[in-house]
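Right, one structure below, let's go through it.
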Amino acid sequence: MKLHRKDILGIKELSVDEINLILETADSFVEVSTREIKKVPTLRGKTIITLFYEPSTRTRTSFEIAAKRLSADTISISSSTSSVVKGETLIDTAKNLESMNPDLIVIRHSAAGAPHMIAGVLNEPVINAGDGAHEHPTQALLDMMTIRSIKGKLAGLKVAIVGDISHSRVARSNIYGLTKMGASVHLAGPATMIPYGIENMGVVVHTQIEEAIRDADVVMALRIQTEREKQCIFPSLREYARHFSLNRRNIGSAAKDVLIMHPGPVNRGIEISPDLAESANSVILQQVTNGVAVRMALLYLLAGGNA
Ligand code: CP
């Protein structure tokens, strides 16, 4: 099956069949990263540009590793070292990069909708690597891949997402994806961090972490995004941690084989206790490993696999 779309901008617009295709393609690429020579010629001669207007460790590195493992050439641009600092607009930047004939552009931007805007003016595929508090589709795909690879399914699982839901593009993309795939999604966080009307996305909202976690198959802690808070929406980090940090005590009510997830970067001791982050139930680093396979799949499907 082919992916009949030019861009990956969000999980909202993906069908169940498309998500399954991406996850199955990602599964098929896992083995490449275990080889001694971690390279296949699939995208030889293709050029992938990563354009990051926000900091990143995991997403950017794994897109670049994914492209290199597919033999594509990669060019990495940070807004801080580009002509963006001289006032060049996003559209001008994108059109100038397009003039050098890349085959695909990956973009992260603090403004929701920025990837959609450039996708509308470029002929090449665009992948959203995170836009403001809107969507982070590749993170949700790697999260679904991780859950599915261990639990064998997504449908019927109880997934608790805990923390700063309001500012979290990871939460939004996972809610779209997990509900589509048949999981039951429960949210918990301070009332000030739960968007009004989010129940309309098909989730159950709790104000006590214990209620969300009870019998959960998966618990996903979210990063507190201090950089996106315009005003103080909780009294202090210590107060937040007292009520919403995942720890040995509250995780006890989850399923015994619960998967503990976090998109990173982790604020240890705030969103999750350090011992839990490193426990046998934690799959935080497996999420990162699977990120490479998911991004290989997307680059293949958009930049070469449909040929
Ligand atoms: N999960 C995630 O998006 O991490 P980075 O910000 O390091 O890319």
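Just so you know, ligand 1 is whichever comes first in the structure, and atom 1 is the first atom listed for that ligand. Model, not experiment: these values are computed from the prediction.
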Please could you name the atoms of ligand 1 that [X] approaches to less than 4.0 Å, counting only its heavy atoms?
{"X": "Gln139", "answer": "1 (N), 2 (C)"}
{"X": "Gly264", "answer": "1 (N), 2 (C), 4 (O)"}
{"X": "His136", "answer": "2 (C), 3 (O)"}

* Below 4.0 angstrom, N of the basic side chain to O of the carboxylate: do Arg248 and Asp275 qualify? ->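 Judged by the 4.0 Å cut-off on N to carboxylate O distance, Arg248 and Asp275 do form a salt bridge.
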In the protein, which heavy atom is nearest to [atom], and how far is it?
{"atom": "atom 7 (O) of ligand 1", "answer": "Thr57 N, 2.8 Å"}
{"atom": "atom 1 (N) of ligand 1", "answer": "Pro263 O, 2.8 Å"}
{"atom": "atom 4 (O) of ligand 1", "answer": "Arg58 NE, 3.0 Å"}

* Does Gly130 reach ligand 1, in the sense of a heavy atom lying below 4.0 Å from it? ->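 In this structure, Gly130 fails to qualify as a contact of ligand 1 - no heavy atom is under 4.0 Å.
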* Tell me, please: is Arg108 in heavy-atom contact with ligand 1, that is, under 4.0 Å? =>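 Arg108: in contact with ligand 1 (<4.0 Å).
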* May I ask you to decide if the ring planes of Tyr53 and His109 are parallel, tilted or perpendicular, using 30° and 60° as cut-offs? =>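 Tyr53 vs His109 ring planes: tilted.
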* Residues sharing Tyr196's hydrophobic cluster, by side-chain heavy-atom contacts under 4.5 Å among ILVMFWY, directly or via others? ->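 Its cluster partners, ordered by chain and number, are none at all.
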* Report yes if the side chains of Thr138 and Leu142 come closer than 4.5 Å at any heavy-atom pair, otherwise no. =>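 No. Closest side-chain heavy atoms not under 4.5 Å.
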* To do: Determine whether Glu278 and Arg268 make a side-chain contact, defined as any pair of heavy atoms from C-beta on separated by less than 4.5 Å.
  =>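 In short, these two side chains touch, coming nearer than 4.5 Å.
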* Asked: Between the side chains of Thr47 and Asp73, does any donor sit under 3.5 Å from an acceptor?
  ->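 Side chains of Thr47 and Asp73: no pair found under 3.5 Å.
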* Asked: Taking atom 2 (C) of ligand 1 as the point of reference, which of Thr138, Thr59, Asp143 owns the nearest heavy atom?
  ->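 The nearest heavy atom belongs to Thr59.
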* May I ask you to establish whether Arg295 and Phe63 are in a cation-pi arrangement, using a distance under 6.0 Å from NZ or CZ to the six-membered ring centre and at most 45° from the ring axis? =>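 Yes.
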